[in-house]
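Residues: numbered from 1 along the sequence shown. Quick note: numbers below take in every heavy atom, side chains included, and nothing from hydrogens, waters or symmetry partners.
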Amino acid sequence: MRESTTQRRDALKTRAEKAETGTVTFLNETVSFGTGAEVTGSAQAAASQSLLWKLKCWGFEHLKWVWLGYDSPTAVPESALEVHRSWLAEWNSGHPIGATAGYLRREWMPHAVSLRLCHWIRYHAWLEDRLSDPFEHEIEQFVAKNAAFLASNVEYGVGGNHLVENGIALLLAGVYAGIPTWRRQGTTILERCGERQFFADGGHYERSPMYHLLVSQRYLSAADILRRHGEPNEVIRRTAWSGAQFAARIRPPDGRIPLVNDSVFGEALPIEEFLTYADRTGIDTDPAQCQSDASGFYWLGSGETKLLVVASELAVPSVPGHAHAHPGQICGWVGGTRVLTDTGVYEYASGHRRDQARSVRSHNTVQVAGSEPAQFGSSFHFCGRIDPEIDYTTTETGSTLTMTYTVKGIGRHRYRHSRSVTATDDEWRIEDEIGATERPWQSRLHLHPAYQATVDSTEVTVRDDEGTDCLRVVAVGAEEVTVETAPYFPEYGRERSRDVITFSRTHGGTMGYTLVPEMAKQKPQSDK
């Protein structure tokens, strides 16, 4: 892992040093605790932070910056080791199991337990020669207590990425502590998740590129640990391999994940670091070996200018928490830069931003009569299937994907939507047909904040900040073409405004647009 993150070594060390003096930043929110010894998710200074922020603190994510940031174990000063030991002492004295109601939803949430096990075990493994015998014993006791708790509180009912985190934590703890029952339990969990949570193309079934990288990284670690421990596991190795192939396949021209479903920059390893980690753990990657499109991610075009079409069921019914409403949406890169974007995620807490990020109006697809193709009950609830029919063909002149589905059910307008996306060497054509309704509908294109749109009747010109033309958009069948603004959430807790091109009709029928890329060179782009 250290060999895979060398380019960020200095930045991670800076974060470690700040945490050791009492300043911690998660989710772009900084908390000053006063001193390093006072860093804890239960401190008054952190009281106003979100549950996700506290989860990271309870999971000791700030400890990860130590074993990734310093150049070597000998470079960690004694004063820093004393602070790290104080973090452990505060936890042991201030967070007894079951002391308050709801502890399973706070500091003893199994997901938080999993994270702190992984971070402290790696910390000890890397700094073993620097730690005093009493400190090592305290870490061993801490791991034993947390692993024993996790073994009895695995998140089988939650499933998804949480269950994978439980599995890797128990596997690590079992190898670290020499407890075969934990090692076998963790291995069994990972085997079952590998068999049940991944599509035939290697994509994780929550269909979030961010969570795919997080989960697949765990499989790379597990496969490597078991191999080195003399217990190679074919199911886990195969899951790690297929997850790595899928990561290579969805890598966009700019090398940064598509912000599809609940995805942001800065949480998972960047794709290049992930693929380097795969290589370091003995997993070769070749996107050409990923022959299936079971996850519903389709590339149209080639090289530095191409479209990603997300054509799939909206969510796996058993794990809908990280799904968005985006049937048939597109994302586009021109000359190596991201031009047509998804929205990302601001936060997971229920509220306007969470609802907006998941809404169909925040994606590059159609919306009928202001309604949603699915129902959202709260921050992680999602109800509704569309059962899409997909047809994808490739010829010598280009590629065409057609997605057809019907929206129906209580609380939703009934309509049939067919979207056709065709890519040739010179242009992209998108055509939408809405049947079984006379209601108004819109089709939207969300631009990256680095680009602005200007409308001239039914034609739109997209230019970068320097005024260079990048994309020409020609509407077909639209009764009105406008440019609005909407938020963009590239990272947790970060919001930017960007232009949205909206095509409108007052009733069903056919409407579309042609996209003509006009920029041939890659330019630097910031999401800050």
Side-chain angles (χ1 to χ4, degrees), residues 1-5 63-64 67-68 72-73 110 113-131 133 136-137 139-152 154 156 161 163-198 202 204 213-247 269 273-286 289:
M1 183 67 69
R2 284 176 49 80
E3 291 173 357
S4 307
T5 56
L63 201 65
K64 177 174 67 176
W67 49 266
L68 286 180
S72 68
V113 178
S114 300
L115 294 176
R116 57 180 174 258
L117 278 169
C118 291
H119 292 146
W120 275 105
I121 288 170
R122 282 185 161 123
Y123 174 88
H124 188 187
W126 188 62
L127 281 165
E128 182 176 12
D129 293 338
R130 289 292 315 281
L131 305 182
D133 289 343
E136 286 192 280
H137 183 60
I139 297 175
E140 290 164 355
Q141 287 186 313
F142 172 88
V143 169
K145 179 179 181 179
N146 279 265
F149 176 87
L150 180 61
S152 298
V154 173
Y156 293 112
N161 64 85
L163 190 54
V164 174
E165 293 288 357
N166 297 168
I168 187 64
L170 285 168
L171 169 59
L172 273 172
V175 172
Y176 167 88
I179 307 295
T181 53
W182 294 343
R183 187 180 74 249
R184 287 195 297 267
Q185 185 180 10
T187 300
T188 299
I189 290 170
L190 291 172
E191 285 179 333
R192 292 177 179 173
C193 290
E195 292 169 341
R196 300 173 183 177
Q197 290 196 13
F198 290 81
H204 186 247
L213 293 178
L214 289 169
V215 168
S216 297
Q217 175 193 323
R218 298 310 194 190
Y219 275 90
L220 291 172
S221 299
D224 190 43
I225 290 165
L226 287 169
R227 177 180 61 83
R228 293 173 184 273
H229 193 65
E231 297 181 2
N233 185 288
E234 179 56 26
V235 173
I236 291 174
R237 191 208 67 81
R238 186 173 63 249
T239 304
W241 178 86
S242 61
Q245 310 314 311
F246 182 80
L269 288 176
E273 288 185 4
F274 172 88
L275 295 177
T276 301
Y277 185 51
D279 180 68
R280 295 290 190 272
T281 57
I283 300 293
D284 295 328
T285 55
D286 179 4
Q289 298 187 61

When rounded to the nearest 0.5 angstrom, what is the spacing between [atom1] in [X] and [atom2] in [Y]?
| X | Y | atom1 | atom2 | value |
| --- | --- | --- | --- | --- |
| Leu220 | Ile236 | CG | CD1 | 11.5 Å |
| Gln217 | Phe274 | CD | CZ | 7.5 Å |
| His124 | Glu136 | NE2 | CD | 3.5 Å |
| Leu190 | Leu226 | CG | CG | 8.0 Å |
| Asn233 | Ile225 | CG | CD1 | 12.5 Å |
| Thr281 | Trp241 | OG1 | CH2 | 14.0 Å |

With heavy-atom distances below 4.5 Å as the criterion, would you say the side chains of [X] and [Y] are in contact?
| X | Y | result |
| --- | --- | --- |
| Arg116 | Phe142 | yes |
| Leu163 | Asn166 | yes |
| Tyr176 | Ile139 | yes |
| Val113 | Leu117 | yes |
| Leu150 | Trp182 | no |
| Asn146 | Trp120 | no |

List in chain and number order the residues that pass ring-ring contact (aromatic ring centres under 6.0 Å, His included) with Tyr156, two or more places apart in sequence or in another chain; answer none if no residue qualifies.
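Tyr156: no ring-ring contact (aromatic ring centres under 6.0 Å, His included) contacts found.
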
Does any N or O in the side chain of [X] come within less than 3.5 Å of the main-chain N or O of [Y], such that one atom is a donor and the other an acceptor?
| X | Y | answer |
| --- | --- | --- |
| Gln185 | Ala151 | yes |
| Ser216 | Leu213 | no |
| Arg280 | Met1 | no |
| Ser152 | Phe149 | no |

Over all heavy atoms of both residues, which pair between [X] and [Y] is shortest? Give the atoms and the distance, please.
| X | Y | result |
| --- | --- | --- |
| Thr285 | Ala278 | CG2-CB, 4.3 Å |
| Phe198 | Cys193 | CD1-O, 3.7 Å |
| Asn161 | His204 | N-CE1, 4.2 Å |
| Asp284 | Gln245 | O-NE2, 2.7 Å |
| Leu172 | Cys118 | CD1-SG, 3.6 Å |
| Ile283 | Ala244 | CG2-CB, 4.0 Å |

Check this for me: does any side-chain nitrogen of one of Arg192 and Glu195 sit under 4.0 Å from a carboxylate oxygen of the other?
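No, this pair does not count.
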
Just checking Glu3: does its CD atom have more than 12 heavy atoms from other residues, nucleotides or ligands closer to it than 6.0 angstrom?
no

Give every residue pair that meets the side-chain hydrogen bond (donor to acceptor under 3.5 Å, both in side chains) criterion with at least one member in residues 218-231, sequence neighbours excluded.
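Matches after skipping sequence neighbours: Arg122-Ser221, Glu165-Arg218, Arg183-Glu231, Ser221-Tyr277, Asp224-Arg227, Asp224-Arg228.
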
